[in-house]
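Everything quoted here is computed from the prediction, not taken from an experiment. Values below: all heavy atoms of this structure, side chains included; hydrogens, waters and symmetry mates excluded.
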Amino acid sequence: MSGLSERQLALAKRWIKRQFPTLVTGVLFIVLWEVIARVIGNNRIVADIGYTVSSLQAQADTIVVRVSETFSSVIVAFILAVVVGVLLGMVVAEIYTLRQMTMPLIIFAYAVPHPVLAPMFIIWFLVGGSFTLFTFTGPSAYIFPAMTAADAQIAIGINGVSTFGAWVGFFPVFISTITGMNELEERYQHLGTVLGATRWQMVKYFRFWRALPNIASSIKSTVQLSIVGVIVAEFIASSSGIGYQIILAWKTGDLGYMFGVVLVIMLVSYTFFQLAVWTVKYVTPPGSTT
């Protein structure tokens, strides 16, 4: 028990040491923000921290609901991006002709500015209908007495917002899968030949594991891009989620609320990023992540 406690203490100290620069950066950011706001002295140009907090408190129930909507879509987008990116990357990496045919299309598609495509994804799913996996009562129903279960209902599903987020986050993991699988060392190629491994066995026991560090590293980018994709879709072509709240704050000229929404996005995005990185590190073999 003593050895376990010492190990846990060492891990906690190491985690704190790694997070200390982030904490210092956050404190400096807040200090700089408050200094600039006080120098300007106009909350309609740069809202100070007190005004921002009061604006958030006034609409705290709405914020919690919209954050739940947004990050429900982010989770779906992230999973779709990783699963489709890895599977499609494995197929394209193995079939040379298919790789030659699809890579130019992928490059052209990625060159198109992502916000241009957001309305298309929304329209496609408005016409074809969304696919709801399950629904649950959001945390706002338990936090705010005035919030009913019906008002706090959150749907987890595949819709225009989540698929657009998956589209934006798809490319890093897709390209990394192809790159990693095509970088298998020659000695492993020879080993597979000597052992009489089939093509599928080479993929299962050699190529995929060679690509795993690339995939694990690219997932960090996929997390961030999925968040960006979902919020951009809400910002441009949706009437729900935290992105839409920025539009409302802009239309009403409530800069304190806008600053607060952006701050909430930053905090929740950082938390989700750390959770995703920890999960990947936990489920992959040692040495697969850095």
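In this structure, the separation between CG on Leu263 and CE on Met258 is 14.0 Å, given to the nearest 0.5 Å. For the atom pair CD1 (Ile215) and CD1 (Ile178), the distance works out to 10.5 Å, reported to the nearest 0.5 Å. With values rounded to the nearest 0.5 angstrom, Ile227 atom CD1 is found 6.0 Å from Phe272 atom CZ. Here CZ of Phe20 is found 10.5 Å from OG1 of Thr22. Values are rounded to the nearest 0.5 Å. For the atom pair CG (Leu225) and OG (Ser218), the distance works out to 10.5 Å, reported to the nearest 0.5 Å. The CD1 atom of Ile265 sits 8.5 Å away from atom CD1 of Ile63, with the distance rounded to the nearest 0.5 Å.
Under the 3.5 Å distance criterion, with hydrogens and angles disregarded, no donor-acceptor pair is assigned to the side chains of Asn214 and Ser217.
With sequence neighbours excluded, the residues forming a side-chain hydrogen bond (donor to acceptor under 3.5 Å, both in side chains) with Tyr270 are Gln19, Gln274, listed by chain and number. Qualifying ring-ring contact (aromatic ring centres under 6.0 Å, His included) partners for Trp278, counting only residues two or more places apart in sequence or in other chains: Tyr282.
Within the structure, the side-chain hydrogen bond (donor to acceptor under 3.5 Å, both in side chains) test picks out the following pairs touching residues 74-94 (sequence neighbours left out): Glu94-Arg199, Glu94-Arg207. Applying the side-chain hydrogen bond (donor to acceptor under 3.5 Å, both in side chains) rule to pairs touching residues 163-183 yields Glu183-Arg210, sequence neighbours excluded. For residues 38-63, the pairs satisfying side-chain hydrogen bond (donor to acceptor under 3.5 Å, both in side chains) are Glu34-Arg38, with sequence neighbours left out.
Criterion: ILVMFWY side-chain heavy atoms under 4.5 Å apart, direct or through other members. Under it, Val262 and Ile45 are part of a common hydrophobic cluster. Cluster annotation: Phe121 and Phe108 are assigned to distinct hydrophobic clusters (Ile/Leu/Val/Met/Phe/Trp/Tyr, side-chain heavy-atom contacts under 4.5 Å, transitive). In the hydrophobic clustering of this structure, Ile40 groups with Trp33; members are Ile, Leu, Val, Met, Phe, Trp, Tyr whose side-chain heavy atoms approach within less than 4.5 Å, directly or through other members.
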* Derivation and outcome, side chain to side chain contact (heavy atoms under 4.5 Å, CB included), residues Phe164 and Val232 -> CA-CA 9 Å; Phe164 179 74; Val232 165; 4.1 Å; yes
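Proximity of a side-chain donor or acceptor of Trp209 to a complementary backbone N or O of Lys204 within less than 3.5 Å is detected. A donor-acceptor pair under 3.5 Å links the side-chain atoms of Thr252 to the main chain of Ala249, judged by distance alone.
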When the side chains of residues 69-87 are checked against the rest of the protein, which donor-acceptor pairs come out under 3.5 Å, sequence neighbours left out?
unit_1 : atom_1 : unit_2 : atom_2 : d
Glu69  : OE1    : Arg66  : NH1    : 3.1
Glu69  : OE1    : Gly241 : N      : 2.9
Glu69  : OE2    : Arg66  : NH1    : 2.9
Thr70  : OG1    : Arg66  : O      : 3.1
Thr70  : OG1    : Glu234 : OE1    : 2.9
Thr70  : OG1    : Glu234 : OE2    : 3.0
Thr70  : OG1    : Ile242 : N      : 2.7
Ser72  : OG     : Ser68  : O      : 2.6
Ser73  : OG     : Glu69  : O      : 3.3

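By the neighbour-count criterion of 12 heavy atoms within 6.0 Å, atom CD of Glu186 is sparsely surrounded, having that number or fewer from other residues, nucleotides or ligands. In this structure, Tyr205 places its OH atom where only 12 or fewer heavy-atom neighbours from other residues, nucleotides or ligands lie under 6.0 Å away.
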